[in-house]
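All chains are named by letter (A, B, ...) in the order of the sequence lines, taking the proteins before the strands, and each is independently numbered beginning at 1.
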Number of protein chains: 2
Amino acid sequence: MTRSYNFYAGPATLPLEVLEEAQANFCDYQNSGMSIMESSHRGKEYDAIHAEAIANYKELMNIPEGYSVLLLQGGASTQFAVIPMNLLGDGQTADYINTGAWAGKAIKEAKLFGNVNVVADTSNCVPATIPAINSIDYTDGAEYLHITSNETISGAQWKEFPKCDAPLIADMSSDILSREINVADFGMIYAGAQKNLGPSGCALVIIRDDLAEKVVRTNPTIFQYKTHVSKNSLYNTPASFTIYMMCLVTRWIKKTGKTNLFEQNVRKAKKIYDLIDSSDFYTGCADKAYRSDMNVTFTMPTKELEAMFLEESVKNNMWGLKGHRDVGGLRASIYNAFPEEGVDKLVELMKNFEQKS
Amino acid sequence: MTRSYNFYAGPATLPLEVLEEAQANFCDYQNSGMSIMESSHRGKEYDAIHAEAIANYKELMNIPEGYSVLLLQGGASTQFAVIPMNLLGDGQTADYINTGAWAGKAIKEAKLFGNVNVVADTSNCVPATIPAINSIDYTDGAEYLHITSNETISGAQWKEFPKCDAPLIADMSSDILSREINVADFGMIYAGAQKNLGPSGCALVIIRDDLAEKVVRTNPTIFQYKTHVSKNSLYNTPASFTIYMMCLVTRWIKKTGKTNLFEQNVRKAKKIYDLIDSSDFYTGCADKAYRSDMNVTFTMPTKELEAMFLEESVKNNMWGLKGHRDVGGLRASIYNAFPEEGVDKLVELMKNFEQKS
C-alpha cells in the first residue's frame, strides 16, 4: 500500500499506526467477541475508552480544575448555535471578532439570540489577517468574546490571544492541540474532531464550570451544557467509534511527545512559507504575522498555472491542494498527523514546477 | 475468534461480513491510499458512499417522491427538540402519544415550544402496552401526531399505526427497517443508527417536503430541516465513517433480502415469546398484542433468580440481557443483525435454567 498525501482541509490524515491498530482490533476488541463499535456505551470496554480520551485531553492540554471536557455530536457548527443559546440572553451583548468565513458563521447564529458586537473585523482583508489585540475596543459587561483561532479557508491564525474581562471562547476546530495554549485563559474551547483529533462526527468541548451552569433561557435538554457535564457526555448514545479513534490519537500524541509534534508543525509550515517567500512565483494569501501553521494558502501568477499544478500534484499522489471554492488559489492543510516527508515532497514539487513554468 | 452474543439495546451487533469488509478496507479504501474516514467529505470516494446510502434507504423502504432522506448527527434525542423547533409554533398544538420512556422524552422537549396534547398515555400500564388506535381522540388542526414505534425499554411495539389528519411523525429508533411499513403514511420518520442501521453517531431522518419547508420560528441554520435538505446532509462535515458503515449495512440488507430479514425478525422473537408463554417461570413484560420483535422483555419469579440467570448467560457468552435500570427484569434486544442461532442458544439456556431452578 502506498499512502497518499492528504492535504484536504478535513476529514484529514490520521496516523497510520492508529489506523493499523484500529484495523487489527476492528472485529474483536480485546477478545470481547465484538467490535468496539458494537459495544454498549454503558459497558466496561467503551467506558474505559471514554474515560481515557477525556483524561488524555486533560493531560495533553493541561486543563485545570474547574473545566469539563465534553465529547458531543454535531461538530463546531452545532456549537455556533448552542453557545449563544446558553450564554447570550435576550438583550445581552456578546463580542465577536470576525476574521473570515468560520467566524462569520458563528456570528450569524449568535445574532438570533442576543446583541452581537463585532468588535474587530478583518474578514475582507487581503492578505488575510488577524486584528492586533491592543487595538480592540471591547464591550463593557459583554457576556463573552468569541474568536476563531485559525481560519481554515483563508489561512490566518491568531498567534497571541485577546485579553479582556469577558470569558474568551475560541473555535479551535482547525488548530486544536497543534500548539501550546493556556486553557485557563479561555472560558470555553471547542473543535470538530476531523482535523487534528480523529475522524468526523464528534466535537471536543472544554468549558469552565460557571459557563456550563449558566442559564439564560430554557433550552432543550440536549442543547444544555449542564446536561452533558452532569452525564459525562453520556446523556444520549455517544459517537462511540469516533471517540475510540480520538482516544487512539491522544495515545499517539502522548507517545510522539506533544512538544515534538508542536515543533514539527511549525517546521512543516515554515518549509512551505520559506519557499513562498524566496519566490516571485508563489504568493502567500495570509499576512506574514498571522500565517497559519495548519492551512498554508498561496496563489500562482495565473489560474491556468494553478490548474496545471493541481494536475501535477495528483500525479504525485498529493490530494486536496485546491483552495476552498470561495477563495480559489491553493491550500496545503498540514495538520498534526500530516507527515513531514509529505511537506518535503510538496516543496520539491513546487520548486520544480516554478522552474518548468 | 468467537463472536459474542450481543443482546445490548444499542450500540448493537453488526453483521460480521460488514465488519470484515470494513476491516479489510480500513487503511486503504479502494486503493485511494487512505482510509475512507480520512477522505474529504467533498471527494469522490465519500460522495459515492453518501449517495449510495441514501439511494439504498429509498429503495429498501420504498420511499416515495416528495420525501428527503437526511443523515444527521445528534441521534434521535436531538430530533426530540428539532421537530418542535421546526414544526410547532408558539400557541400551536401537537398531539403526542405517551407509550413509555422514549415517548416521554420527546414530549418533554416539545412542551418547550408549543402546546402538547397527550392524546393517549399507556406509559404506566403493566404489562406495557400501546393504545388502541380507534380509541384516540385527536386534536382538530394539530400540527402533527408523534409516536414512538417501539419502546426499547418496556418492549411494547405499535403493530398498526394511527390514522389521523395531522402528519404522523414516528421515532423508529429501535425498529426502523425491521419490518415493512408504508412511508407514505408518515410525515416524518427518524431513527438513531445504532440499533438496526449501523454504529452510533448518525440519525436517519425521512421527511416530507412540506414539513421540511415549514417555518414556524427563526431557528439556527443547523437546526433547520431545509438546510440539510438543500445541502443533501453536507451543510457541515457529516459523520462520514458512520455513514460508510450504514451504507455497508444497507448492502447487506439488500443481499440478505429484506423479506427474509423481516420474517426472521418475527421468527426470532416468537421463539422467545413461545417459551415465555409455555412456562410459569418466565413472565413477559409487554401486552401480548403489542410485543416487540426487537426488544423482548421478561421477568423471573425473583430478582435473585434473575441475577443468577445473568451470571449464567455471561458464562455462555451472552451479553447485555439485563433489563434497563429503570424497569429491571431481563431484556433480549434482537435487532436485524442479531443471529437466529443466538436466539436458539438463549432459548436453550432459558429452558435449562428453568429446569434447574
Side-chain angles (χ1 to χ4, degrees), chain A residues 1-4 6 8-14 16 19-20 22-23 26-28 31-35 37-43 46 73-78 80-81 85 105 108-109 112 192 194 199-202 218-223 235-242 245 317 319-320, chain B residues 1-4 6 8-14 16 19-20 22-23 26-28 31-35 37-43 46 73-78 80-81 85 105 108-109 112 192 194 199-202 218-223 235-242 245 317 319-320:
Chain A
M1 164 196 172
T2 307
R3 283 281 278 172
S4 292
N6 178 357
Y8 276 110
T13 291
L14 293 167
L16 182 57
L19 291 172
E20 286 172 342
Q23 181 179 40
F26 195 77
C27 293
D28 186 10
N31 299 313
S32 64
M34 61 180 91
S35 173
M37 71 171 61
E38 298 173 282
S39 289
S40 171
H41 60 298
R42 312 284 180 195
Y46 178 72
Q73 290 183 54
S77 295
T78 295
F80 294 164
M85 283 169 79
K105 288 192 181 210
K108 181 185 167 204
E109 306 307 321
L112 299 175
Q194 69 272 14
S200 62
C202 186
T218 307
N219 288 312
T221 313
I222 195 131
F223 301 141
Y235 167 69
N236 61 329
T237 313
S240 55
F241 189 74
T242 300
M245 293 301 300
N317 202 22
W319 300 85
Chain B
M1 163 196 175
T2 306
R3 285 280 279 172
S4 292
N6 178 357
Y8 276 109
T13 292
L14 292 166
L16 182 58
L19 291 171
E20 285 173 343
Q23 181 179 40
F26 195 77
C27 291
D28 186 10
N31 299 314
S32 65
M34 60 181 90
S35 173
M37 72 171 59
E38 298 173 282
S39 289
S40 171
H41 60 299
R42 312 283 180 197
Y46 178 71
Q73 290 184 53
S77 295
T78 295
F80 295 164
M85 284 168 80
K105 288 191 181 211
K108 182 184 167 206
E109 305 307 322
L112 298 175
Q194 68 272 13
S200 61
C202 187
T218 308
N219 288 311
T221 314
I222 194 133
F223 301 141
Y235 167 71
N236 63 329
T237 314
S240 54
F241 189 75
T242 300
M245 293 300 300
N317 203 23
W319 301 85

Please classify the contact of [X] with chain A as side chain, backbone, both or neither, using a heavy-atom distance under 4.5 Å.
{"X": "B/Q194", "answer": "side chain"}
{"X": "B/T2", "answer": "backbone"}
{"X": "B/N31", "answer": "neither"}
{"X": "B/F223", "answer": "side chain"}

Contact class of [X] relative to chain B, heavy atoms under 4.5 angstrom:
{"X": "A/Y8", "answer": "side chain"}
{"X": "A/Q23", "answer": "both"}
{"X": "A/S35", "answer": "both"}
{"X": "A/L14", "answer": "both"}

Exercise. Would a 4.5 Å heavy-atom cut-off, applied to side chains only, mark B/T221 and A/K105 as touching?
Worked result: no

Exercise. Within a strict 4.5 Å, meaning less than it, do heavy atoms of the A/M37 and B/P11 side chains meet?
Worked result: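 Not touching, per the 4.5 Å side-chain cut-off.
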
Exercise. Got a donor-acceptor contact below 3.5 angstrom from the B/N6 side chain to the A/M34 backbone?
Worked result: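 No, B/N6 side chain to A/M34 backbone: no donor-acceptor pair under 3.5 Å.
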
For this session: Could you tell me which residues satisfy side-chain hydrogen bond (donor to acceptor under 3.5 Å, both in side chains) with B/Q73, sequence neighbours excluded, listed by chain and number?
Result: none

Problem set entry | Residue that, paired with B/T237, satisfies side chain to side chain contact (heavy atoms under 4.5 Å, CB included) out of A/P199, A/S200, A/S77 |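 The passing option is A/S200.
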
